[in-house]
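First up is the structure itself, then whatever we jot down about it.
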Amino acid sequence: MRQISLLVADSQPVARAGLFSFFSGTNIQIVDFAQTCEQTVNKTMSAGPDVLILALDFPDGSGFDAAQRLRAKRFRGKILFFESAGRRDYLARALAVGADSYVLKTATRAELTEILYGLVEQLDAPEHMKRDFSGELRQVSTLMRKRREDPTNPLSAREAQVLRHVVLGLSNREIGLALKVSEDTVKDHMQNILRKLDVRDRAQAAVWAVRNNFIP
């Protein structure tokens, strides 16, 4: 198997140590580690790894911020989000800012190795990912490829508030608490948002928001 260069960006020492142990003595070489969003951008651009394994949370920003900045700087390597949460809205936003895939931290070494080689060699998703959310990856990616010329904002002020909270990953209940409205009211707003944006679910709505610079 060909050698893969890997940069690991995660603020948690246990996660970094675990990945180092995973790939020790294999053809997957960790060329550097990053612990902050700023380090992630600078070290990735300097090292130019085949794959960046990217966590979501950093003291100075988010993995979403780092991925977006790297793509703006024309980083051509693969970006793999590595997270403990499998929420579809996180998945949608990760892809919207330029990630290539998304894997849970519960993945085994064999599974993660298969995913990494699949990304670098542009192979089909492995079976365990197909069981998880590779279908959602395809659905969201398809939406992202649709070009929207002169996008407009058809949402009311309240619907816009709800959508911003969706992008942040909040559930209907959490949005209701934040906006001081009932969960049923949030559900009604979500139905209106999906209808007005002509999308199927909240993950696709989140993609629309990020891709059209609706969310700062």
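Model, not experiment: these values are computed from the prediction.
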In plain terms, say whether [X] and [Y] are close enough for a salt bridge, that is, a side-chain N and a carboxylate O under 4.0 Å apart.
X	Y	value
Lys43	Glu38	no
Asp184	Arg173	no
Arg158	Asp188	no
Arg2	Asp50	yes
Asp10	Arg16	no

Exercise for the section: With the side chain counted from C-beta on, respond yes when Tyr102 and Phe82 share a heavy-atom pair under 4.5 Å apart, and no when they do not. Expected result: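 They are not in contact (no side-chain heavy atoms under 4.5 Å apart), so the answer is no.
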Handout entry: Beyond-backbone contact of Leu194 with Gln204, side-chain heavy atoms, under 4.5 angstrom
Key =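 Not touching, per the 4.5 Å side-chain cut-off.
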If every non-hydrogen atom of [X] is compared with every non-hydrogen atom of [Y], which pair is closest and at what distance?
X	Y	value
Ser101	Leu119	CB-CD2, 4.0 Å
Cys37	Asp60	N-OD1, 2.7 Å
Phe22	Thr108	CE2-C, 3.9 Å
Leu163	Ala209	CD2-CB, 3.9 Å

Given 3.5 Å as the limit, does a donor-acceptor pair link the side chain of [X] with the main chain of [Y], or not?
X	Y	value
Thr113	Arg109	yes
Thr44	Thr40	yes
Glu174	Ser171	yes

Problem - More than 12 heavy atoms from other groups under 6.0 Å of CZ on Arg71 - result: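 Count over threshold, so yes.
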Practice task
Please answer: with hydrophobic residues joined when any side-chain heavy atoms are less than 4.5 Å apart, are Leu177 and Val162 in the same cluster?
Solution key: no
Practice task
Please check if the distance between the ring centroids of Phe81 and Phe64 is under 6.0 Å.
Solution key: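 Ring centres of Phe64 and Phe81 closer than 6.0 Å.
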Exercise for the section: Sort out for me which residue in Ile53, Leu52, Asp32 forms a side chain to side chain contact (heavy atoms under 4.5 Å, CB included) with Leu6. Expected result: Ile53
Exercise for the section: Examine the side chains of Ser182 and Thr185 and answer whether a donor and an acceptor come within less than 3.5 Å of each other. Expected result: yes
